[in-house]
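We count residues from 1, following the sequence as given.
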Amino acid sequence: MHGFLQTALGFPTALFSFALLVVIGYWGLVLLGGLGVDVLDGGQGVDTHGELPAPLGWGGAPATVVVSLLVAVAWFVSLAGSALTEGLPARTAVLAAAIGSAWAGTKASVRPLARLFRRERAARRHDFVGRICVVRTGRVTGDFGQAEVSAEDGSSAVVQVRSRGEEPALTVGHTALIFDYDPDGEFFLVAPFDPVLFGR
């Protein structure tokens, strides 16, 4: 145990040990329900606010997932390398290997999950704004109504919709344009839309 602590608190493993404790604490709070996964993701969970750019090789993965994997892989490689080597030059090489392995390992782990991240983003409610929907209730009023809308991935959802009082009546089967979302009431504002008129 003493040897493990000495290695974990020595160079270069110590550079990642504190970060690993933060990562473990964060996911521990997530599992206990005391913290949301969206804390480092811009308040929206797995979405475009908290993802890291695809050109970096992360495939649009959430920042929390990427950072956690980077830290964990770097810590493990540096711990194993430090246990097998001695001296500053060798430990410096271990540090470089740990960083390189963390980058490559995280990239390889995240890439297969890219489709899952894209589906989560497509399901965000704000992504429906600007899309066409079809009314599924007998009437849409200022306090009642439902409509079916399709997401980018082809899936469809039935959402709560409302219309302003001055808008022409929307009844079942009519198409409408979603032009805004009310987060307090958790409904979309819609207006009549003629796909033929707009060539859609």
Side-chain angles (χ1 to χ4, degrees), residues 23 25-69 106-107 109-200:
V23 167
Y26 168 75
W27 288 110
L29 288 173
V30 170
L31 292 175
L32 292 174
L35 201 63
V37 182
D38 59 350
V39 168
L40 298 181
D41 293 336
Q44 299 294 336
V46 183
D47 60 32
T48 55
H49 290 102
E51 68 186 27
L52 295 181
L56 293 178
W58 307 124
T64 47
V65 174
V66 171
V67 172
S68 298
L69 286 173
T106 301
K107 191 174 180 179
S109 300
V110 167
R111 188 171 293 174
L113 301 176
R115 292 183 179 178
L116 173 63
F117 298 143
R118 284 197 292 270
R119 284 198 296 271
E120 289 290 339
R121 291 199 305 276
R124 287 185 59 233
R125 292 179 177 178
H126 286 284
D127 290 344
F128 290 135
V129 175
R131 303 188 75 84
I132 307 302
C133 63
V134 179
V135 176
R136 292 306 183 204
T137 51
R139 193 176 184 85
V140 176
T141 65
D143 52 21
F144 174 78
Q146 289 184 334
E148 184 176 355
V149 59
S150 297
E152 288 186 14
D153 62 359
S155 62
S156 61
V158 175
V159 297
Q160 299 296 320
V161 294
R162 303 289 185 269
S163 65
R164 300 190 185 280
E166 65 272 12
E167 298 284 0
L170 285 168
T171 56
V172 62
H174 281 183
T175 55
L177 173 67
I178 298 175
F179 65 89
D180 199 6
Y181 175 69
D182 186 323
D184 296 326
E186 296 186 342
F187 59 78
F188 294 93
L189 290 172
V190 296
F193 181 84
D194 188 345
V196 177
L197 182 62
F198 288 89
R200 297 182 64 172

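For S68 (side chain) and V23 (main-chain N/O), no donor-acceptor pair under 3.5 Å exists by modelled atom type. With hydrogens and angles disregarded, no donor-acceptor distance shorter than 3.5 Å links the side chain of R139 to the backbone of L170. Under the 3.5 Å distance criterion, the side-chain polar atoms of R162 are matched with a main-chain donor or acceptor of G145. At distances below 3.5 Å, at least one donor-acceptor pair connects side-chain atoms of S163 with backbone N or O atoms of V140.
Annotation for E148 and S156: closest pair OE2-OG, 3.3 Å, computed over non-hydrogen atoms. In terms of heavy atoms, V190 sits closest to A176 at CB-CB, 3.9 Å. D182 and D184 get closest at one heavy-atom pair: OD1-N, 2.9 Å.
Within the model, atoms CZ of R136 and OG1 of T171 stand 12.0 Å from one another, a figure rounded to the nearest 0.5 Å. In this structure, CG on L32 lies 13.0 Å from CH2 on W27, to the nearest 0.5 angstrom. Rounding to the nearest 0.5 Å places OH of Y181 at 11.0 Å from CG of L189. Here I178 contributes atom CD1 and D127 contributes atom CG; the two are 11.0 Å apart, rounded to the nearest 0.5 Å.
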Please test T106 against V66 for side chain to side chain contact (heavy atoms under 4.5 Å, CB included), starting from the C-alpha separation and ending with a verdict. CA-CA 7 Å; T106 301; V66 171; 4.2 Å; yes

Side chain to side chain contact (heavy atoms under 4.5 Å, CB included) evaluation trace for V129 with F179: CA-CA 5 Å; V129 175; F179 65 89; 5.6 Å; no

Kindly determine whether F144 and T137 satisfy side chain to side chain contact (heavy atoms under 4.5 Å, CB included), including the steps that lead there. CA-CA 9 Å; F144 174 78; T137 51; 3.9 Å; yes

Go through the steps for V135 and V161 under the test side chain to side chain contact (heavy atoms under 4.5 Å, CB included), then give the verdict. CA-CA 9 Å; V135 176; V161 294; 5.7 Å; no

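Considering only heavy atoms from C-beta on, E186 stays 4.5 Å or farther from Q160 through its side chain. Put simply, the side chain of T175 does not reach to within 4.5 Å of the side chain of C133, judged on heavy atoms.
Note on ring orientation: taking the six-membered ring where Trp is involved, the planes of F128 and F188 are perpendicular (angle over 60°, cut-offs 30° and 60°).
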